[in-house]
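Let me begin by presenting the structure, written as structure tokens, before commenting on it.
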Amino acid sequence: MKHWMLASISALSLLAASGARAEDIDFKGKLGSYPSGTLKVISESDPYVDAIKATKDGFTGLTGAKVDVDAYGYDALHEKELLGCSQSDSTYDVMLIDGIWIGEFVEAGCLDPAEDRIAKEDPKLIAWNDYTPSGAGQATWEDKRYCLPVAIYYEMLFYRTDLFDKAGRNPPKTFDEVKEAAKFFTNNKDFPGVSGYAMNNQRGAAAGQQYFEWIFNAGGSPWKSNVVGAKDAYADMTPTLTSPESVALVQFFKDMTKFGPPGVEAYAWDERANAFAAGKLAMINDWSVRAQIANDPKSSQIAGKFASALMPSVSGKPVPPVGGWVMCLNAHGKQKDMAWNFMKWFASPQVHKQYTMAGGTASRVSTLQDPEVQAKFPWTKTIDESQKTAWTEVRPRVTGTFQLIDTVGVDVNKAIIGELTPQAAMDDANAKVTDMLKTSGLMK
Amino acid sequence: MPAQATLGRAYPVRPARRTFLRANGFQQAAMMLPTCLFLVFLTIYPFVYSVYLSLHQVKLTTLNRAVFVGLRNYTNLLTDGLFLHALRNTAVLAVCSITLEILIGFAAAKVFFELSRWRFVVVLRSLYLLPMMATPLIVGMIAAYVFNPTIGIVNYLIELLGGTPVSWFGEPTTAMAAMVLINVWQWSPFMMLLTLAALTSIRDDLYEAARVDGAKWYHLVWYIEIPSVLNVVLLGAILRIIDVLRFFDVVYVTTRGGPGDATMVVTLYAYLQDFQFFQVGVGSAAAVLILGISIVVTTFAVKLLRVVEDA
């Protein structure tokens with residue numbers, strides 16, 4: 001009986017597996033042939049880029065085209081891509097851009113819309129509905145699909161399981177719980193060399209992005225019409241940076257510096273991720289992609305000793321921030337067909353899973369819910385939970401977003417270092433952002 | 001026949017030979033052309049274009065939508081708290097850095113001068129010059145590690161001596177102090193080099209005469225060495241002022257102008273406007289203002305140098 005049952009289960013598994021393979025697309029002959037071609041891809045240097053490099057040779061095997069991937073830091077990439085675009089540079093065929101840059105890039109004419117190309121493809125290959133809705137939103141501008149979401153991130157809380165287990169604690173869910181847990185671990189003789197928490201406090205983009213990532217979780221909103229689920233989040237961009245929730249949030253940032261390592265006021269993404277990986281922090285919030293930094297046993301002291309939880313919020317009902325990179329066609333590129341063939345191949349569900357298994361960031365629901373992926377990268381379950389309640393417009397995606405975020409970040413940093421009170425800092429930021437939005441025509 | 005009175009024999013004056021070059025104006029112009037083209041395309045045109053952009057509200061990504069705004073970018077800049085803060089920071093950085101560089105450079109030059117007969121001084125001198133040879137970007141990256149609050153060597157040494165770690169880039173005062181220290185570390189060797197050259201050129205008989213008159217070492221320094229090196233040090237200071245006005249890489253790598261606006265300098269301000277926000281109108285106005293300030297400051301410094309030389 002037992003053998004019969006086992007045989008039945010095996011047969012069913014095989015059937016299921018063959019069914020899954022039937023869903024796979026045979027790319028042979030569908031991607032063109034470019035025996036002497038070289039495709040150039042430009043990307044940010046977050047950990048997902050190694051997974052792109054590990055996967056790209058599959059395209060070479062199918063088409064003969066060599067794929068070169070160049071990676072740059074966040075600011076440098078923004079500068080290089082936009083400068084190149086302003087000079088009609090065709091060096092790169094495929095550009096990865098942060099989802100929040102899309103408005104700026106579309107306005108500058110840097111991107112070829114993908115809408116028509118998508119319409120001509122096999123829907124199973126594009127599988128647009130398989131993308132997380134907030135991730136798909138990052139690749140869309142003014143109801144038009146411009147890019148393919150390939151490296152979508154969600155902001156989550158990461159905590160040290162060894163420390164929390166030893167302390168008999170559960171991961172925090174609310175702001176108060178975060179503060180209390182951070183205080184508990186800081187300067188605790190039972191946990192030497194560990195600080196409670198580190199936030200993105202550095203002047204400019206770091207502190208600015210942090211503000212936008214947290215404001216919805218603080219119960220606020222950065223501008224009037226930007227409420228979760230709004231049909232047109234940009235209908236009224238009157239800034240609401242001086243709201244009580246906003247000022248309380250900045251006070252929260254300032255309070256949290258007491259539980260950070262020395263110099264936390266100048267920390268940005270890398271400093272925090274490195275300090276967490278070095279075992280000096282009990283908790284951080286960070287983009288899901290950065291779990292790979294802590295998970296790498298070669299460079300991390302805490303590989304296998306951390307877990308993830310949903311982003312904390314004042315009410316305990318998180319609005320997980322969404323971010324990440326979308327893959328786009330350079331409008332000035334000279335090999336657009338080859339570039340599109342690479343994009344559709346790379347973003348297809350089956351290659352996306354390969355890329356995810358190589359350390360990439362799962363951006364499709366099917367990949368996020370894949371048991372193999374979840375087993376290899378346990379935080380994938382939290383990403384899947386996060387995407388269910390994430391809001392696409394957490395960070396502004398309009399033209400001038402870089403300046404807008406930077407401006408807010410300067411004042412948030414001033415409050416953090418005590419140069420201004422949180423109220424004065426947000427008054428100043430509100431005035432500057434209002435002026436900026438009026439000058440650029442985004443606000444009447 | 002006109003004759004030229006010379007010693008002994010008179011020679012006829014031969015009219016200047018009308019060479020092909022002198023005779024041919026076109027040829028002369030052709031010889032000048034590369035230099036003129038260089039100046040026009042790589043100096044004058046970019047400057048004129050910068051001035052043009054500075055009179056417009058325009059983004060680099062949408063140059064075709066430029067709107068003429070006259071001098072508004074300039075007036076906005078001169079009332080912009082951040083730009084004025086950047087100007088003040090640049091001035092503080094210049095004064096503090098250059099003063100320390102002169103003092104440390106002089107002290108180091110004096111040590112090398114006194115040890116000049118020592119066999120291995122050449123090696124030491126070369127080692128001392130190494131920071132000056134590093135590119136500013138690399139210096140910034142090194143500084144980011146050296147002053148890192150948790151893994152940096154500076155805090156490690158402070159803790160060894162019983163002090164508490166300092167958040168170098170997290171506090172406005174220490175962040176600016178760190179910038180000054182980085183500048184001083186990199187550029188004191190330059191001042192040392194200039195001062196050492198000037199010290200080496202002092203005649204031995206001056207020292208001998210002073211010693212015969214009973215001068216102590218500090219008399220030699222005050223009455224002989226300082227006046228002898230003053231011109232060279234002032235020249236070095238002028239070059240360093242120009243350099244500090246262009247100070248960018250270190251602050252870009254380490255603090256990004258923070259915390260708050262504590263280390264915002266004029267070049268970083270212009271860079272942010274031009275290449276982060278792509279507001280090339282404002283960025284160009286800032287660049288033109290920086291150029292104007294550089295010209296005024298260096299002209300004043302050169303005049304001062306002439307006064308010292310004449311004295």
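Model, not experiment: these values are computed from the prediction. Below, read A as the first sequence line, B as the second, and so on, with proteins coming before strands; counting in each chain starts at 1.
- The environment of A/Asp296 atom CG is dense: over 12 non-hydrogen atoms of other residues, nucleotides or ligands sit within 6.0 angstrom.
- Across every non-hydrogen atom of B/Phe277 and A/Phe402, the tightest pair is CE2-O, 4.1 Å.
- Proximity to chain A (any heavy atom under 4.5 Å) is shown, for B/Leu63, by neither the backbone nor the side chain.
- Scanning residues 192-205 of chain A against chain B with a 4.5 Å non-hydrogen threshold yields A/Gln202, A/Arg203, sorted by number.
- Contacts with chain B were tallied for A/Glu104, A/Glu79, A/Lys280; A/Glu79 has the most, counting heavy-atom pairs under 4.5 Å.
- In this structure, chain B has a heavy atom under 4.5 Å from the side chain of A/Glu419, while its backbone stays farther away.
- In terms of heavy atoms, A/Gly263 sits closest to B/Pro149 at CA-CG, 3.6 Å.
- With chain B as the partner, the residue from A/Ala206, A/Ser86, A/Pro262 showing the most heavy-atom pairs under 4.5 Å is A/Pro262.
- For the residue pair A/Ala108 and B/Thr61, the shortest heavy atom distance occurs at CB-CB, 3.4 Å.
- For CZ of B/Phe68, the number of neighbouring non-hydrogen atoms (other residues, nucleotides, ligands) closer than 6.0 Å is greater than 12.
- The CZ atom of B/Phe278 sits 5.5 Å away from atom NE2 of A/His78, with the distance rounded to the nearest 0.5 Å.
- Under the side-chain contact (heavy atoms from CB on, under 4.5 Å) criterion, A/Thr399 pairs with A/Glu107, B/Lys59, sequence neighbours left out.
- At a heavy-atom cut-off of under 4.5 Å, chain B is reached by A/Thr439 from residues 426-444 of chain A, listed in order of number.
- In this structure, chain B has no heavy atom under 4.5 Å from any part of A/Asp411.
- For A/Ile417, the part lying near chain B is the side chain, with the backbone staying farther off; criterion is any non-hydrogen pair under 4.5 Å.
- Listed in order of number, the residues of residues 89-99 of chain B that approach chain A to under 4.5 Å between heavy atoms amount to none.
- With rounding to the nearest 0.5 angstrom, the CD atom of B/Gln276 is 10.5 Å from the CD atom of A/Gln403.
- Across all non-hydrogen atoms, the minimal contact from B/Ser167 to A/Glu265 is OG-OE1, 3.4 Å.
- Proximity to chain B is limited to the side chain of A/Tyr267, based on heavy atoms less than 4.5 angstrom apart.
- Within 6.0 Å of CD1 in B/Ile153 there are 12 or fewer heavy atoms belonging to other residues, nucleotides or ligands.
- Contact of B/Asn148 with chain A is not made at all, since no heavy-atom distance falls under 4.5 Å.
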